[in-house]
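Report on the structure given below.
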There are 2 protein chains.
Amino acid sequence: MPATHTQSRFSSKLSSQCQNCSLSALCLPIALADEDINRLDQIIERKRPLKKGEVLFHQGQPFSSVFAVRTGTLKTFNITSSGEEQITGFYCPSELVGLSGIDDNTYPISAKALETTTVCEIPFSHLENLSAQIPSLKHQMFKVMSRKIGDDQQMMVLLGKKNADEKVASFLLNLSNRFKKRGYSATSFRLSMSRGEVGNYLGLAVETVSRVITRFQKNELIQVDGKEISIIDLPEMQKLVGVAPDCGKIAQF
Amino acid sequence: MPATHTQSRFSSKLSSQCQNCSLSALCLPIALADEDINRLDQIIERKRPLKKGEVLFHQGQPFSSVFAVRTGTLKTFNITSSGEEQITGFYCPSELVGLSGIDDNTYPISAKALETTTVCEIPFSHLENLSAQIPSLKHQMFKVMSRKIGDDQQMMVLLGKKNADEKVASFLLNLSNRFKKRGYSATSFRLSMSRGEVGNYLGLAVETVSRVITRFQKNELIQVDGKEISIIDLPEMQKLVGVAPDCGKIAQF
DNA sequence: TTAAAACCTTGATCCAAGTCATACGAACAG
DNA sequence: CTGTTCGTATGACTTGGATCAAGGTTTTAA
């Protein structure tokens with residue numbers, strides 16, 4: 001399909017990269033002017049792909065940048081004093097990682113690729129400067145961080161109050177929504193994380209995750225083939241996590 | 001004690017209010033110029049005190065302001081689809097409430113006073129404008145939100161991985177740290193929330209909270225008289241939550 | 001291609017914490 | 001002041017999910 005013909009002289013090749021890419025969550029919703037997108041684009045460093053298992057940044061390392069996932073998936077985790085890994089989040093394309101490092105100029109978590117993953121590095125000092133010049137960008141930054149706070153609080157509800165079935169169902173529906181939002185199928189997708197990682201994230205043992213998934217399949221809520229998941233009975237799944245039909249956000253982290 | 005004598009002509013009575021008050025967490029760490037503090041001060045509305053049980057804002061209500069607690073305590077919570085209350089946080093003096101409302105201009109949680117509580121209302125649009133003029137204020141905003149994200153993630157670790165003893169100990173030490181930070185005793189304080197609210201927050205039944213507290217007292221880790229708590233054996237408590245001696249932040253939400 | 005390693009599933013058993021029941025003290029509205 | 005409600009404590013019982021164990025499958029790397 002041919003590219004749009006009405007490009008301003010500022011919206012170069014770089015600009016169109018930004019428009020297609022992962023950063024859409026950060027910039028597109030506020031409809032930045034072409035010129036502004038271009039300015040944002042110029043501070044971004046596109047990095048070589050990370051291979052599965054490679055680390056983007058380490059817990060404790062000095063904070064310098066936030067990263068937008070372009071393709072692939074990341075997990076963030078920290079190592080507890082007893083040496084176990086605790087996964088704090090999974091990041092899909094268009095999502096921003098590293099925001100929690102701003103506070104004391106140190107990443108409090110590590111980020112590792114679950115599969116081959118490309119990211120855009122956004123040096124934070126540049127982003128901060130630019131956000132002083134582009135008010136809508138600053139507002140968008142606040143929104144992104146605010147949303148993260150709200151989402152994390154929903155996650156707390158999930159961890160504190162829900163049982164294993166509700167946790168796994170919430171997790172699957174959450175992924176489903178995230179895929180849907182960026183144009184992929186909401187009902188059929190591939191888990192890039194292992195059962196063990198899902199369990200770690202949800203506060204469940206591997207065996208429990210496995211059993212719940214098997215049971216969901218027996219009850220014809222989902223169809224499973226290894227890491228491929230199809231959601232068969234979406235309404236029933238939603239009932240399971242306690243989503244009111246008219247209220248997509250609540251109780252779904 | 002007499003007030004400082006070297007006030008600029010801009011740092012009026014209002015300014016000195018800000019310096020003593022709850023907002024210190026937001027503005028003092030970055031050492032705003034007197035003039036800037038004054039400007040911040042002028043957008044803040046000081047409200048009549050909330051009585052115990054009064055609601056500051058309701059879940060679903062349009063977002064307009066963030067609030068800094070000056071005295072007293074707030075809890076934030078949301079009502080799940082099944083009608084139960086899920087507490088997502090407690091807010092002590094100097095802490096900011098309502099940041100999660102920025103995202104979609106709606107408060108996703110309610111905030112209610114646990115005791116007589118005074119807050120400063122900071123209209124967000126004004127704050128955002130001002131932050132465009134005072135770069136260090138904008139940076140401070142990012143820091144506050146970033147810290148919240150990091151803290152919430154520690155809370156997830158707590159909810160997902162810790163047992164009842166570790167949860168309650170973490171909770172008490174976290175309060176202890178917050179009191180200490182603003183100059184109160186780190187080892188002797190009053191819980192403004194009920195056992196039920198603690199349990200709700202930590203994902204535990206009331207009875208469990210009660211039993212753990214009783215046990216801690218028997219083991220001479222703490223001394224309890226109703227809502228008054230004294231931490232007797234701080235090192236042992238820290239060992240319980242897995243704090244490395246040289247590392248105050250980790251695993252303590 | 002194949003061996004090793006990592007991952008997944010299922011069954012059997014166990015225990016931490018939830019639930020139920022009861023009682024007593026504190027707060028509070030009338 | 002006083003009855004009612006709310007908060008706290010503690011014991012008895014139950015249970016969801018962890019743990020242990022073992023076998024099958026997929027992925028990885030040589």
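Note that these values count all heavy atoms, side chains included, but never hydrogens, waters or copies made by symmetry. Below, chains carry the letters A, B, ... as their sequence lines are ordered, and counting in each starts from 1.
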ask   = Along nucleotides 5-13 of chain D, 5' to 3', which nucleotides get a B, which get an S, and which get a -, given that the test is a protein heavy-atom distance under 4.0 Å?
value = ---SBBBB-
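The two residues B:Gln217 and B:Val224 come nearest to each other via the heavy atoms OE1-N, 2.9 Å. Scanning all heavy atoms of the two residues, the minimum distance from B:Glu95 to B:Phe90 falls at OE1-O, 3.8 Å.
Inspection of the A:Asn174 and A:Arg178 side chains reveals an N or O donor paired with an N or O acceptor under 3.5 Å. Using a 3.5 Å distance cut-off with no hydrogens or angles, the side chains of A:Glu121 and A:Ser65 do pair a donor with an acceptor. Side chain to side chain, B:Ser192 and B:Lys227 fail the donor-acceptor criterion of an N or O pair below 3.5 Å. Side-chain atoms of A:Thr116 and A:Lys52 form no donor-acceptor pair, as typed in the model, at a separation below 3.5 Å.
Checking B:Ala205 against B:Lys52, the closest nucleotide of DNA chain C that is more toward the 5' end is the one next to B:Ala205.
When the ring-ring contact (aromatic ring centres under 6.0 Å, His included) test is applied to B:Phe216, no partner is found at least two apart in sequence or on another chain.
On the nucleic acid side, DNA chain C contacts chain B at distances under 4.0 Å to non-hydrogen atoms, with the end points of that region at C:dA17 to C:dC20.
Nucleic acid contact for A:Gly199: none, since no nucleic acid atom lies under 4.0 Å from a heavy atom of the residue. Residue contacts for A:Gly203: at a heavy-atom cut-off of 4.0 Å it reaches the sugar-phosphate backbone alone, with no base atom in range.
Remark: the backbone N or O of B:Glu54 is not paired with any side-chain donor or acceptor of B:Lys112 at under 3.5 angstrom.
Rounded to whole Å, atom C1' of D:dT26 lies 11 Å from atom CG of A:Asp225. Residue A:Leu202 contributes atom CG, which lies 13 Å from atom C1' of D:dG17 at whole-angstrom precision.
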